[in-house]
Amino acid sequence: MTVSFTSRQIPVIGRFAPSPTGPLHLGSLVAALGSYLLARRSGGRWLLRMDDLDTPRVLPGMADDILRTLEALGFQWDGEVVWQSSRTDAYQAAFAELIDKGMVYPCGCSRQEIARIGSAPHSKDGELLYPGSCRNGLPQGKTPRAWRVKVTDEPVCFQDGIMGACCETLAESCGDFVVRRADGPFAYQLAVVVDDAAAGVNQVARGADLLSSTPRQLRLQRLLGYPIPDYWHLPLVTGPGGTKLSKRENAVSLAAGRDLAKTGGSLLLAALRFLGQATPTFPAIVTPREVLAWGVSNFDPAVIPRNSVPFPE
Ligand code: GLU
């Protein structure tokens with residue numbers, strides 16, 4: 001049974017883990033700010049990790065742009081930035097442990113084959129439900145394409161700080177899921193739990209687009225004997241009526257030509273209001289540091305909205 005209703009853990013070790021596949025945008029700004037304030041409000045640590053594992057999607061120069069943008073917005077992280085691209089040995093060790101435990105197996109199915117045999121697509125993130133075709137051995141003539149971890153039909157539950165009680169039965173939502181591609185790279189789901197555990201992260205605050213990944217990560221944490229962090233899934237930034245923001249509306253980064261020394265404070269204030277916070281009236285020009293300091297002393301997690309709302313002007 002993989003039921004976990006966690007209590008809030010102290011001292012908090014939180015983190016922000018951007019993927020350098022593009023510049024910082026409003027959604028990642030909200031994730032940075034939310035994770036920062038949830039950690040710092042109780043005097044906790046806030047770590048920074050660059051999720052640069054998905055090399056085909058990583059864009060040159062973006063990691064640096066994200067770091068400089070965060071600095072310009074007044075964020076200070078604890079310790080060195082961790083780069084997923086330098087953590088392969090740790091992922092390999094966790095993967096070897098899953099092999100030893102008999103919990104992963106090679107799978108030779110292509111996406112088209114899974115679509116043909118599988119039933120409904122994964123309802124939340126478009127992933128296909130894997131029907132377990134290779135669970136009992138690779139069929140003759142098939143070559144491994146990926147390694148999958150076994151799931152069960154017991155619900156995986158957790159208590160999200162914002163979304164409340166969440167439960168998912170992995171056998172029904174995604175089936176045995178990929179932890180490594182046969183050509184080498186480890187999947188995000190494995191890397192994230194290995195990194196969070198290694199860094200002692202006990203509070204994961206991130207965008208609600210990752211809510212559907214959490215049960216898979218809980219499954220891996222249980223199998224690998226890792227502690228379970230507290231989860232906070234922050235509302236997603238959308239335009240009016242839930243529409244997707246254009247690139248220009250969404251851009252936060254220095255690369256997008258923002259003068260964050262002048263406008264960073266008001267941008268952070270807007271992000272605080274987006275997170276439901278009743279901010280006082282600040283002078284027209286307020287520094288990012290002043291806004292962050294107010295947030296650390298006054299941030300109220302109880303008023304963070306569950307649903308996506310438009311980003312304030
Ligand atoms: N790197 C992931 C992203 O930018 C976030 C990982 C996480 O917070 O768990 O979507």
Side-chain angles (χ1 to χ4, degrees), residues 6 12-39 44-59 62-67 69-70 75 77 81-87 90-91 94 124-127 156 158 160-163 166 168 177 179 185-221 224 226-238 244-245 250-253 271 275 304 308:
T6 49
V12 170
I13 305 182
R15 50 71 156 179
F16 175 52
S19 300
T21 51
L24 206 69
H25 51 81
L26 290 179
S28 42
L29 172 72
V30 165
L33 182 65
S35 61
Y36 179 87
L37 294 178
L38 282 164
R45 288 167 62 76
W46 186 69
L47 314 180
L48 190 62
R49 186 180 74 227
M50 208 40 86
D51 283 1
D52 58 344
L53 199 60
D54 190 356
T55 34
R57 293 183 57 233
V58 166
L59 293 182
M62 281 308 146
D64 195 45
D65 185 59
I66 290 173
L67 294 177
T69 302
L70 289 171
F75 288 102
W77 49 92
V81 177
V82 170
W83 298 78
Q84 282 197 327
S85 52
S86 67
R87 302 260 311 138
Y91 309 144
K124 287 183 200 133
D125 57 14
E127 267 309 301
V156 178
F158 63 102
D160 189 88
I162 299 164
M163 302 294 174
C166 301
E168 187 172 310
F177 60 91
V179 286
F186 292 96
Y188 156 72
Q189 308 292 356
L190 181 67
V192 76
V193 300
V194 170
D195 288 336
D196 284 340
V201 167
N202 57 16
Q203 178 175 275
V204 171
R206 58 189 179 188
D209 51 335
L210 291 167
L211 186 62
S212 65
S213 282
T214 304
R216 278 173 275 175
Q217 293 170 16
L218 284 161
R219 170 75 180 149
L220 289 172
Q221 285 155 348
L224 291 163
Y226 295 160
I228 308 290
D230 295 334
Y231 285 97
W232 298 76
H233 285 92
L234 303 161
L236 296 178
V237 177
T238 59
K244 206 166 176 280
L245 291 179
N250 211 356
V252 169
S253 90
L275 289 171
I304 302 174
S308 304

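Counting convention: from 1, in listed order, for ligands and their atoms alike.
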Original post:
In ligand 1, which numbered atoms sit nearer than 4.0 Å to a non-hydrogen atom of Val192?
Top reply: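 Counting from 1, the qualifying ligand atoms are 9 (O).
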Original post:
With a cut-off of 4.0 Å, which atoms of ligand 1 are near a heavy atom of Arg206?
Top reply: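 Under 4.0 Å from Arg206, ligand 1 has these atoms: 7 (C), 8 (O), 9 (O).
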Considering only protein heavy atoms, which is closest to [atom], and at what distance to one decimal place?
atom	value
atom 3 (C) of ligand 1	Ser19 OG, 3.4 Å
atom 8 (O) of ligand 1	Arg15 NH1, 2.6 Å
atom 5 (C) of ligand 1	Ala17 O, 3.4 Å

Original post:
Looking only at non-hydrogen atoms, which of Asp51, Val204, Leu210 approaches atom 10 (O) of ligand 1 most closely?
Top reply: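 Minimum heavy-atom distance to atom 10 (O) of ligand 1 goes to Leu210.
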Original post:
Which pairs pass salt bridge (Lys or Arg N to Asp or Glu O under 4.0 Å) with one or both residues in residues 23-32, sequence neighbours excluded?
Top reply: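 As it turns out, there is no salt bridge (Lys or Arg N to Asp or Glu O under 4.0 Å) pair with a partner in residues 23-32 once direct neighbours are skipped.
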Subject >> Ionic contact status for Asp196 with Arg49, cut-off 4.0 Å >> reply: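 Answer for the salt bridge query: yes.
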Subject >> Arg49-ligand 1 polar pair, N/O distance under 3.5 Å >> reply: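 The answer is no, given that Arg49 and ligand 1 share no N or O pair closer than 3.5 Å.
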**OP:** Please check if the side chain of Ser28 supplies one atom and the backbone of Leu24 the other of a donor-acceptor pair under 3.5 Å.
**Re:**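 Absent.
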**OP:** With ring pair (Phe, Tyr, Trp, His ring centres under 6.0 Å) as the test, would you mind laying out the steps for Phe75 and Trp46 before giving the verdict?
**Re:** CA-CA 10 Å; Phe75 288 102; Trp46 186 69; 5.5 Å; yes
Subject >> Qualifying residues under side-chain contact (heavy atoms from CB on, under 4.5 Å), relative to Thr238, sequence neighbours excluded >> reply: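 Checked Thr238 against side-chain contact (heavy atoms from CB on, under 4.5 Å); matches are Ser308.
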Original post:
Atom CG in Leu210, atom CZ in Arg216: separation rounded to 0.5 Å?
Top reply: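 Reported value, rounded in 0.5 Å steps: 9.5 Å.
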Original post:
Any heavy atom of Tyr188 sitting closer than 4.0 Å to ligand 1?
Top reply: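 Per 4.0 Å heavy-atom rule, Tyr188 contacts ligand 1.
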